[in-house]
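The next block holds one structure in the form of structure tokens; read it before the comments.
When a ligand or atom number is given, it counts from 1 through the structure's own listing order.
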Amino acid sequence: MQGVALVTGAGRGIGRAVAVALAAAGWQVAVNFRQDVDAAAAVCQEIAAAGGTALPFQADVSDEAQVARLFRQVRQALGAPALLVNNAGVAHFGLLQEMTAAEWRRVMAVNLDGAFFCCREALPDMLHNKSGCIINIASVWGEAGASCEAAYAASKGGLIALTKALAKEVGPSGIRVNCVAPGVIHTAMNDRLTIAELADLADATPLGRIGSPEEVAAVVSFLASPAAGFVTGAVIPVTGGF
Ligand code: NAD
């Protein structure tokens with residue numbers, strides 16, 4: 001057993017694949033979801049059927065009080081997380097000048113505040129144990145920027161900076177903080193794209209295709225493993241070269 005891993009937004013997409021991969025690597029997984037209880041239950045059943053351990057926990061990560069409750073419940077049911085994967089995220093597509101303050105706030109609240117709240121809850125136990133691992137799911141747009149995704153890119157750029165700063169802050173306490181920056185991955189987040197737009201993105205990718213959630217999960221699993229024991233403050237692109 002590797003210990004307890006908490007994966008936020010793990011009911012579907014990349015989070016789901018990360019939960020499954022971590023369970024296969026021996027982690028007991030806390031599957032956080034915001035709304036879709038059936039999807040989270042299905043992930044836990046899939047993990048249990050494969051011989052692993054996983055439990056679902058509801059919380060909106062953008063809500064400070066809900067994150068505090070989430071960690072209390074995870075500690076009670078499974079134990080303190082030794083691994084936190086900040087995966088929950090929302091996208092917003094549109095021109096910046098047409099974006100409302102509420103839309104801007106929502107992107108920041110989920111993608112950046114959520115990671116802050118979860119890190120702050122996870123750290124006391126990790127500091128006490130002098131070990132722990134935090135992995136943030138950022139995006140290639142957080143470094144490169146993307147037209148019509150300014151808020152999303154800003155939130156992911158913030159998450160990359162948070163990763164680098166926190167890695168320096170808690171490294172002396174034996175805690176590693178890293179970031180995975182996916183390119184275009186086949187999930188519901190890209191449902192708004194047409195088949196032609198997806199084909200264009202695949203064409204613009206040196207490996208000539210869109211990535212899968214499992215390919216992101218494999219890198220997260222590596223970063224969480226002892227094999228990555230000297231890796232911290234890193235931003236690992238999983239982009240097919242995009
Ligand atoms: P997705 O929309 O399928 O998954 C996002 C998950 O986050 C969902 O399960 C959703 O319910 C959950 N979530 C949203 N708001 C939440 C909240 N407030 N509290 C708790 N959970 C919440 O998309 P995905 O592609 O699997 O995205 C996962 C992560 O990967 C996101 O952070 C996203 O920004 C990032 N990412 C995705 C791509 C891509 O191309 N799909 C590329 C780069 C980065």
Side chain, backbone, both or neither: which part of [X] comes within less than 4.0 Å of ligand 1 when only heavy atoms are counted?
X: V90; result: side chain
X: F33; result: neither
X: N190; result: side chain
X: V61; result: both
X: Q66; result: neither
X: P213; result: neither
X: A10; result: neither
X: H186; result: neither
X: N32; result: side chain

Exercise. Step through it carefully: locate the ring centre of Y152, locate the ring centre of W104, and say whether they are under 6.0 Å apart.
Key: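 When the ring centroids of Y152 and W104 are compared, they turn out to be at least 6.0 Å apart.
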Beyond-backbone contact of [X] with [Y], side-chain heavy atoms, under 4.5 angstrom:
X: N178; Y: I236; value: no
X: V170; Y: V177; value: yes
X: D113; Y: R105; value: yes
X: V85; Y: V220; value: yes

Enumerated ligand 1 atoms positioned under 4.0 Å from heavy atoms of [X]:
X: I137; value: 29 (C), 30 (O), 32 (O), 35 (C)
X: R106; value: 18 (N)
X: V184; value: 40 (O)
X: A59; value: 19 (N), 20 (C)
X: Y152; value: 33 (C), 34 (O), 35 (C), 36 (N), 43 (C), 44 (C)

Self-check item: Any donor-acceptor N/O pair, N129 side chain to D125 backbone, under 3.5 Å
Solution: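 Yes, because the side chain of N129 sits within donor-acceptor range (under 3.5 Å) of the backbone of D125.
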Quiz item: Counting N and O atoms only, with roles assigned by atom type, does the side chain of Q2 sit under 3.5 Å from a partner on the main chain of G26, one being a donor and the other an acceptor?
Solution: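 Flag not set: sc Q2 to bb G26 has no pair under 3.5 Å.
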Before accepting this row, confirm whether a basic side-chain N of the pair [X]/[Y] lies closer than 4.0 Å to the acidic partner's carboxylate O.
X: K156; Y: E143; result: no
X: R69; Y: E64; result: no
X: R192; Y: E197; result: no

Quiz prompt | Sub-4.0 Å heavy-atom contact, A91 with ligand 1 | solution = no
Quiz item: Under a heavy-atom criterion of less than 4.0 Å, does Q35 contact ligand 1?
Solution: no
How far is [atom] from its nearest protein heavy atom, and which residue and atom name does that atom have?
atom: atom 43 (C) of ligand 1; value: P182 O, 3.4 Å
atom: atom 4 (O) of ligand 1; value: R12 NE, 3.8 Å
atom: atom 13 (N) of ligand 1; value: A88 CB, 4.0 Å
atom: atom 26 (O) of ligand 1; value: I14 N, 2.8 Å
atom: atom 27 (O) of ligand 1; value: M189 CE, 3.9 Å
atom: atom 24 (P) of ligand 1; value: T187 OG1, 3.4 Å
atom: atom 17 (C) of ligand 1; value: R34 CD, 3.3 Å
atom: atom 31 (C) of ligand 1; value: N87 O, 3.2 Å

Quiz item: Can you name the side chain to side chain donor-acceptor pair (under 3.5 Å) partners of R72, sequence neighbours left out?
Solution: none
Quiz item: Does a donor on one side chain and an acceptor on the other come within less than 3.5 Å for T8 and N86?
Solution: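 Result is no, nothing qualifies.
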Quiz item: If you measure only the distance, is there a donor-acceptor pair under 3.5 Å linking the side chains of S62 and D60?
Solution: yes
Quiz item: Is V18 reachable from V61 through a run of I, L, V, M, F, W or Y residues, each pair having side-chain heavy atoms under 4.5 Å apart?
Solution: no
Quiz item: If you count the non-hydrogen atoms of other residues, nucleotides and ligands that lie under 6.0 Å from NE2 in H186, is the total more than 12?
Solution: no
Exercise. Identify which of N136, V180, V110 has a heavy atom lying nearest to atom 15 (N) of ligand 1.
Key: V110
Practice problem: May I ask which of G89, A115, G13, A17 has a heavy atom nearer to atom 5 (C) of ligand 1 than the others do? | Solution: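 Heavy atom nearest to atom 5 (C) of ligand 1 belongs to G89.
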